[in-house]
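As structure tokens, the structure follows; a few thoughts come after it.
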Protein chains: 2
Amino acid sequence: MAARLGVVSVVQAVIRSLRARIFSGELAPGTSLAEVDVATHYEVARPTAKAALENLVASGLLTRNAHQTARVTLLSSRDAIDIYRTRAIIEAEAVRLLAAQREVPSEAREANAEITELVGASPIDIIDPDIRFHAALVQALGSRRTSAIYAQLTDEIRLCMTHVQDATLLSTKDIAAEHARLLQLISEGEAAAAAKVLEEHLHTASNKLAEHLESL
Amino acid sequence: MAARLGVVSVVQAVIRSLRARIFSGELAPGTSLAEVDVATHYEVARPTAKAALENLVASGLLTRNAHQTARVTLLSSRDAIDIYRTRAIIEAEAVRLLAAQREVPSEAREANAEITELVGASPIDIIDPDIRFHAALVQALGSRRTSAIYAQLTDEIRLCMTHVQDATLLSTKDIAAEHARLLQLISEGEAAAAAKVLEEHLHTASNKLAEHLESL
DNA sequence: ATACGGAAATTGTCTTACAAGTACACATGC
DNA sequence: GCATGTGTACTTGTAAGACAATTTCCGTAT
């Protein structure tokens, strides 16, 4: 293989590698990805590359019209708002349920602890624990399909983030504080208040992100 | 072409045809669908059939493990409950928003009128307008991604229904009445009450469906 | 009757090939 | 000079054939 691929299935390996390259920013939004390019890059057959590209198109990371070469999706501010709205619906419900049970997921607590430790570090480093924090809330719902849907939205969020290399949208300190407050309200069983904090948290993030995307 | 296909793209046409055959019950849950079978049936190449099958696997209508022939997904009662839970999250939010705006989608009203007219008819005939009623509520959110997610869940619901040919889970009259009450509460701006009615409506439907699936 | 071995069936991938559609550049006419 | 039309190059869509790898199932032998 031309590029290192954790060997599972060729198509799956290509998909995984392309995802990583997209998220890392190596393949910036707008970059063209022809089937032949992918095929030669990984030294696989074109049908294999095609299958990988189609998978990524389906998950929203790539965009392609008929007979046109696929490009890394360039999300608009309206897309970002739409994604965050959808996220908010799911997460708010998760938070309400958790609060009703006064159950604070340990993964969420740990992820936020990680964020707190990164207060001085590069804003890019907090993306990962931040995503884990929110994912932990949804995971706690225990619904396979809800988690799957949320995972797909998370992918698009990550893609958004690659638009904004300067990811200093919110201060790490504020994010950690809002998360902590959210967990506090959950532990107190304040479902409505917790949901409201979450919605505002996502809403301000959404606004900042949309604003940054507009300015490109 | 061996079977009539509305000509768009070969793969898309095969997908559409297979979906129709699955929903119609011609391809009952559990039926094997080998790539060669599909290829010969539609007189297309195996890669084309493969692409169509992979698409349907991704949307949950078919199930396949590596090196194993695809089968029409056989949903368990737990799946049904999971699907309805996820549905409920989205629909409840839609209903809350609509109530806050006191906005009753005309499509929902029309779909329920259609149900009301079908009070004496076969329970199977109400599936379609019932789905349209609920979809109209979600559509009103105006979120592309939320609608897309909901559409996928709807597909799985339809698949559930093919398990239970005797779809007389609830009386048509009761369904129409609950829908009407829901629309009434929306028009009155009673967000919380409307959401509660919806959740109970879906919960009882989910229970009945799960019960029927268990008894197979 | 059970366990082992092998054959059949199926999917995974590659190679090659051609058809069809899109986009861009170039030339032509106004 | 600009708009328009055409043609070519590029890319994707689909097909056909071939081989490897894996799973399943059946037959046989113990």
Side-chain angles (χ1 to χ4, degrees), chain A residues 1-22 27-74, chain B residues 1-22 27-74:
Chain A
M1 297 285 164
R4 290 278 175 281
L5 304 173
V7 182
V8 199
S9 143
V10 180
V11 176
Q12 287 300 316
V14 173
I15 290 172
R16 199 185 301 183
S17 174
L18 284 176
R19 283 173 57 91
R21 291 170 68 197
I22 290 171
L27 299 174
T31 306
S32 291
L33 274 176
E35 296 183 354
V36 185
D37 296 345
V38 177
T40 59
H41 183 270
Y42 290 109
E43 286 182 13
V44 296
R46 191 162 69 91
T48 305
K50 183 189 191 66
L53 289 177
E54 278 170 354
N55 185 297
L56 292 170
V57 167
S59 66
L61 266 42
L62 299 182
T63 308
R64 178 165 65 167
N65 298 344
H67 293 276
Q68 258 163 310
T69 139
R71 308 175 82 84
V72 179
T73 301
L74 211 124
Chain B
M1 298 285 163
R4 289 278 174 282
L5 304 173
V7 181
V8 199
S9 143
V10 180
V11 176
Q12 286 301 316
V14 173
I15 291 171
R16 199 187 299 185
S17 173
L18 285 175
R19 284 172 55 91
R21 291 169 68 196
I22 290 171
L27 300 174
T31 306
S32 291
L33 273 176
E35 296 183 356
V36 186
D37 296 345
V38 177
T40 60
H41 182 271
Y42 290 109
E43 287 182 11
V44 296
R46 189 162 72 90
T48 304
K50 184 189 189 66
L53 289 177
E54 278 171 354
N55 185 296
L56 292 170
V57 167
S59 66
L61 265 42
L62 298 182
T63 309
R64 177 165 67 167
N65 298 343
H67 292 276
Q68 257 163 311
T69 140
R71 308 174 81 85
V72 180
T73 301
L74 212 125

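Within residues 64-71 of chain A, the residues approaching DNA chain D are A/Arg64, A/His67, A/Gln68, A/Thr69, by heavy-atom distance under 4.0 Å. Contacts of residues 48-62 of chain B with DNA chain C (heavy atom under 4.0 Å): B/Lys50.
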What side-chain donor-acceptor pairs closer than 3.5 Å can you find for residues 29-37 of chain A, not counting sequence neighbours?
| unit_1 | atom_1 | unit_2 | atom_2 | d |
| --- | --- | --- | --- | --- |
| A/Thr31 | OG1 | A/Ala28 | N | 3.2 |
| A/Thr31 | OG1 | A/Ala28 | O | 2.5 |
| A/Ser32 | OG | A/Arg71 | NH1 | 3.1 |
| A/Glu35 | OE1 | A/Arg46 | NH1 | 2.8 |
| A/Glu35 | OE2 | A/Lys50 | NZ | 3.2 |
| A/Glu35 | OE2 | A/Arg64 | NH1 | 3.0 |
| A/Asp37 | OD2 | A/Ala34 | N | 3.4 |

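Between B/Asn55 and B/Val11 there is no side-chain heavy-atom pair separated by less than 4.5 Å. Between B/Val10 and B/Tyr42, every side-chain heavy-atom pair lies at or beyond the 4.5 Å cut-off.
Spacing between atom CG of A/Asp37 and atom P of D/dC10 amounts to 12 Å, rounded to whole angstrom units.
Contact between A/Ala49 and A/Ala39 at its shortest, heavy atoms only, is CB-N, 3.7 Å.
Residues satisfying the side-chain contact (heavy atoms from CB on, under 4.5 Å) criterion with A/Thr73, sequence neighbours excluded, are A/Thr63, A/Leu75, A/Leu159. Checked against side-chain hydrogen bond (donor to acceptor under 3.5 Å, both in side chains), A/Ser59 has no partners two or more places apart in sequence or in another chain. Every residue was checked against the side-chain contact (heavy atoms from CB on, under 4.5 Å) condition with B/Ala66, not counting sequence neighbours, and none meets it.
If A/Arg46 and B/Glu35 are placed on DNA chain C by their nearest nucleotide, the residue sitting closer to the 5' end is B/Glu35.
The CG atom of A/Leu27 lies 13.0 Å from the CZ atom of A/Arg19; values are rounded to the nearest 0.5 Å.
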